[in-house]
Asker: 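Below: one structure in structure tokens.
Convention: sequence-line order gives letters A, B, ...; per-chain numbering from 1.
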Protein chains: 2
Amino acid sequence: MKPSHIEHIGIAVRSLDESIRFYEEVLGLQCYNIEEVKDQKVRTAFFQVGDTKLELLESTEQDGPISKYIEKKGEGIHHIAYAVENIEQKLKTAEEHGIRLIDKQPRKGAEGLDIAFLHPKSTHGVLTELCEDKTRNRINS
Amino acid sequence: MKPSHIEHIGIAVRSLDESIRFYEEVLGLQCYNIEEVKDQKVRTAFFQVGDTKLELLESTEQDGPISKYIEKKGEGIHHIAYAVENIEQKLKTAEEHGIRLIDKQPRKGAEGLDIAFLHPKSTHGVLTELCEDKTRNRINS
């Protein structure tokens, strides 16, 4: 089963306020939510574009993963997240192909999704997230 | 008018063959076209995911922009392209907001689209492409 769509694109930014201004005033998008994800040490701003979300990620602490990312690489696109069904099976397939899993089992992410990351060293440089909305998949099936 | 969707995400890769294998065998996507864009010195592989395309970009020459990008930053996500209407007006708005335009006027890109790039130095690190399908917009209007 192929991913149904790109659930979101994560973008690492220094300042939510400044970046939101670019996406709203220049691109004409509208931020519909800002949320703090404490265990990731980020504040996130969401925009809907077609069936995909942009998630701007601002670090809330100096030792957070986004802070470290920006220190090393500068602001920019951080990851791509695919909406999949049967995330456990996808992880198994990835492992069988020698992909390095950051999460061997799915964990809970924002908006109640089950998520897991694949390491960019084994995905040709792209930090790749799989996410599954188990509530929706159960309702649909 | 906000962008209707993300037209594509450009991903810089060293080898189309190896990367296609990841996207097909691990993620379950299917490459539906490979195209050479001579003036960009790239070969591009396309995948459809929901209303967005992935475009894998492999350099065909050592001095090509994708080759230089990979040399500097490694493989990874290269740009995000938004499907817009009235691209000229969007460029004007961007310029009025002090955004550095790589293309002051739209030029022809792949698949007959009118395209223009905004410089990542003024868009918080994201090389941003605007594209307009003028044929479709004319038919719809």
Asker: In terms of heavy-atom pairs under 4.5 Å, which option from B:Ile77, B:Thr52, B:Thr93 contacts chain A the most?
Answerer: B:Ile77
Asker: For the interface with chain A, which of B:Leu29, B:Leu56, B:Leu130 has the highest count of heavy-atom pairs at distances below 4.5 Å?
Answerer: B:Leu29
Asker: Might you confirm whether atom CD of B:Glu96 has over 12 heavy atoms from other residues, nucleotides or ligands at distances under 6.0 Å?
Answerer: yes
Asker: Could you look at B:Pro3 and say if it's the side chain, the backbone, both or neither that has a heavy atom under 4.5 Å from chain A?
Answerer: both
Asker: Pick one of side chain, backbone, both or neither for B:His97, based on which atoms fall under 4.5 Å of a heavy atom in chain A.
Answerer: side chain
Asker: Hydrophobic clustering (ILVMFWY, side-chain heavy atoms < 4.5 Å, transitive) - are A:Val126 and B:Ile20 grouped together?
Answerer: yes
Asker: Using a cut-off of under 4.5 Å on heavy-atom pairs, state which of B:Ile70, B:Val13, B:Leu118, B:Ile80 scores highest against chain A.
Answerer: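 The option with the most such pairs is B:Ile80.
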Asker: Crowded around A:Glu35 CD? As in, over 12 foreign heavy atoms under 6.0 Å?
Answerer: yes
Asker: If you count the non-hydrogen atoms of other residues, nucleotides and ligands that lie under 6.0 Å from CD in A:Glu88, is the total more than 12?
Answerer: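 It does: A:Glu88 CD has more than 12 such atoms within range.
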Asker: Between B:Leu54 and chain A, which part of the residue has a heavy atom less than 4.5 Å away: side chain, backbone, both or neither?
Answerer: side chain
Asker: Spell out, as yes or no, whether a donor-acceptor pair under 3.5 Å connects the side chain of A:Lys2 to the backbone of B:Leu27.
Answerer: no
Asker: In terms of heavy-atom proximity below 4.5 Å to chain A, should B:Ser15 be classed as side chain, backbone, both, or neither?
Answerer: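 Nothing of B:Ser15, per the 4.5 Å heavy-atom cut-off to chain A.
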Asker: Just verifying a value: how many Å separate B:His8 NE2 and A:Ile6 CD1, rounded to the nearest 0.5 Å?
Answerer: 11.5 Å
Asker: Name the region of B:Ile9, side chain, backbone, both or neither, that has any atom closer than 4.5 Å to a heavy atom of chain A.
Answerer: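 The answer is the side chain of B:Ile9.
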Asker: Only pairs of heavy atoms separated by less than 4.5 Å count here; which of A:Arg21, A:Arg14, A:Glu75 has the most with chain B?
Answerer: A:Glu75
Asker: Measure distances from B:Ser4 to the heavy atoms of chain A and classify the residue's part below 4.5 Å as side chain, backbone, both or neither.
Answerer: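 Backbone of B:Ser4 only, per the 4.5 Å heavy-atom cut-off to chain A.
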Asker: Could you please state which residues from residues 39-51 of chain B sit under 4.5 angstrom from chain A, measuring non-hydrogen atom to non-hydrogen atom, sorted by number, or 'none'?
Answerer: B:Gln48, B:Val49, B:Gly50, B:Asp51
Asker: For A:His124 versus B:Ser19, what's the shortest heavy-atom pair and its separation?
Answerer: CG-OG, 3.4 Å
Asker: Hydrophobic side-chain clustering at under 4.5 Å (ILVMFWY, transitive links): who's grouped with B:Phe117? Put none if nobody.
Answerer: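 Result for B:Phe117 is B:Ile102, B:Leu113, B:Ile115, B:Leu127.
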Asker: May I ask you to name which of B:Ile11, B:Ile99, B:Val26 has the most heavy-atom pairs under 4.5 Å with chain A?
Answerer: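 Result: the option with the highest number of such pairs is B:Val26.
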Asker: B:Glu18 versus chain A, heavy atoms under 4.5 Å apart: side chain, backbone, both or neither?
Answerer: both
